[in-house]
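Just below is one structure, and these are the notes that go with it.
When reading the values below, keep in mind they use all heavy atoms of this one structure, side chains included, and skip hydrogens, waters and symmetry mates.
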Amino acid sequence: MPNNLLRQLLLPAAALGLLAACTRPDTAPPVEAAAASPAAEVQTASPTASPDCGHPFGLYPETELTYQLTNEKRQPQGIQILKVATIGEKPAEKKAPAYTQVLLKSTLYDNNNRLQLNDEFQYLCRNDTVLTDGRLLLDPGMLRSFRDRRFAFEPVPLAWPNQPTAGALPGGSLTVQVSSPSVDIAKVMTSVTNRRVSGPENVTVPAGTFSCYKVESRYEYVTQARPDLIRRTVKQVVDYYAPNVGIVRTEMRDPDGELDHSAELIKRAPGRR
C-alpha cells in the first residue's frame with residue numbers, strides 16, 4: 001500500500017505504535033458493510049447548534065467512524081476505522097481548566113482487507129475547542145528508513161473550534177527525534193501553518209450530507225539528518241469538519257493543485273448514550 005495512505009488525516013486524523021508489529025483481528029473488518037453505506041439515509045449536522053464539549057465531535061462510548069482512503073485518481077486504497085474506547089472529564093487543576101479526554105482505537109486495512117496498523121489516538125476538548133492528537137500529523141513513510149531506532153515525539157495538536165468564525169486558526173506540529181542509544185540521528189518534522197476556516201457549507205459523503213466548516217492549511221514535511229542535509233516536501237490540505245460529527249472529508253494536494261490522496265467518512269455509528 002502506498003505510503004501516503006498511512007498519513008493522518010483526520011483526522012482528523014490522529015498514540016502512535018507505528019512500528020510495532022500488527023496482528024490480524026479475530027473478526028473480519030466490516031469493510032463490505034461500510035462500502036454499502038452510499039445508499040444510507042442522508043444525515044445532517046448543523047454547526048450552528050451548540051456542541052457539547054463533554055462529547056467532542058459528538059463522540060460517545062463505542063462511537064465508530066469509518067473512512068474510505070483513496071489515491072490521486074480517487075480509487076479506493078483502504079479503510080480506516082476509529083472507535084471510541086473511553087471518554088471522560090478531567091477536573092480543573094490550579095490554573096489549568098477542566099477538559100474532556102477521548103481515547104480512540106484506530107484500525108487500518110488495505111484495499112484487500114489486510115490489517116496494516118493498529119493505533120491509539122487522543123482527542124481533548126476544552127474552552128469550546130477540540131484538540132486532535134498531534135501525532136496524527138506524522139507521515140509514517142518518513143520513519144521507514146529508521147527501523148530499530150528510538151523515537152521521541154513532541155506533538156502540538158490542531159485546534160478545531162466548536163463555533164468558529166471565518167479567519168485564521170492556530171497551526172500545529174510534530175517533531176520526532178530519531179536516535180540510537182548513543183547518538184541523535186535525525187529529526188523528522190511536520191508543521192501545519194496558514195490555517196484558515198470558512199463556511200459553513202454542505203458537504204455530501206457516503207455517510208450523509210453535513211453542514212461543515214472548511215479549513216485550508218499548508219503542511220510541510222522535513223527530514224533533517226544534519227544542518228546541511230534537509231529533505232523537504234510541501235502539501236496543501238483541505239479539511240471539512242462538522243463540530244457535532246468530526247472530520248467529514250480531507251483532501252491533500254501537491255503545490256500545483258494536483259490531488260495526492262483523500263479520505264472521506266463513509267459510515268458513522270453513534271455509540272452508547
Subject >> Electrostatic pair R74:E251 at N-O distance under 4.0 angstrom >> reply: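 Looking at R74 and E251, the cut-off is met.
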Original post:
Any salt bridge between D254 and K235, counting N to O under 4.0 Å?
Top reply: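 Salt bridge: yes.
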Check for me, please, whether [X] and [Y] land in the same ILVMFWY cluster - side-chain distances under 4.5 Å, paths through other members count.
X: L131; Y: V197; value: no
X: V205; Y: V215; value: yes
X: F153; Y: Y123; value: yes

Non-hydrogen side-chain atoms of [X] and [Y] separated by less than 4.5 Å:
X: E264; Y: P206; value: yes
X: L174; Y: R135; value: yes
X: F210; Y: V203; value: no
X: L124; Y: P157; value: no
X: I81; Y: Y109; value: yes
X: E72; Y: D260; value: no
X: T63; Y: R268; value: yes

**OP:** Any chance you could measure D239, atom CG, to L158, atom CG, to the nearest 0.5 Å?
**Re:**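 D239 atom CG to L158 atom CG measures 8.0 Å (nearest 0.5 Å).
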Original post:
For R126, does the CZ atom have more than 12 heavy-atom neighbours from other residues, nucleotides or ligands under 6.0 Å away?
Top reply: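 For R126, atom CZ is not crowded (no more than 12 foreign heavy atoms under 6.0 Å).
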Original post:
Would you say E93 has more than 12 foreign heavy atoms packed within less than 6.0 Å of its CD?
Top reply: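 No.
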Original post:
Which is it for I247 and L65 under the side chain to side chain contact (heavy atoms under 4.5 Å, CB included) test, yes or no, and what are the steps along the way?
Top reply: CA-CA 10 Å; I247 306 298; L65 307 171; over 6 Å; no
Original post:
Out of V130, V245, L104, which one pairs with L59 under the side-chain contact (heavy atoms from CB on, under 4.5 Å) rule?
Top reply: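 Result for side-chain contact (heavy atoms from CB on, under 4.5 Å) with L59: L104.
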Subject >> side-chain hydrogen bond (donor to acceptor under 3.5 Å, both in side chains) assessment of Q101 paired with Q122 >> reply: CA-CA 7 Å; Q101 184 178 59; Q122 288 188 1; 3.1 Å; yes
Original post:
Where is the tightest heavy-atom contact between P243 and P161, given as atom of each residue plus distance?
Top reply: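 Looks like CG-O, 4.2 Å.
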Subject >> Where A85 and K105 come nearest, the two heavy atoms and their spacing >> reply: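 Taking A85 first and K105 second, the nearest heavy atoms are CB-CG, 3.9 Å.
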Original post:
Would you call the rings of Y213 and Y241 parallel, tilted or perpendicular, where under 30° means parallel and over 60° means perpendicular?
Top reply: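 Because their plane-to-plane angle lies in the 30° to 60° range, the rings of Y213 and Y241 count as tilted.
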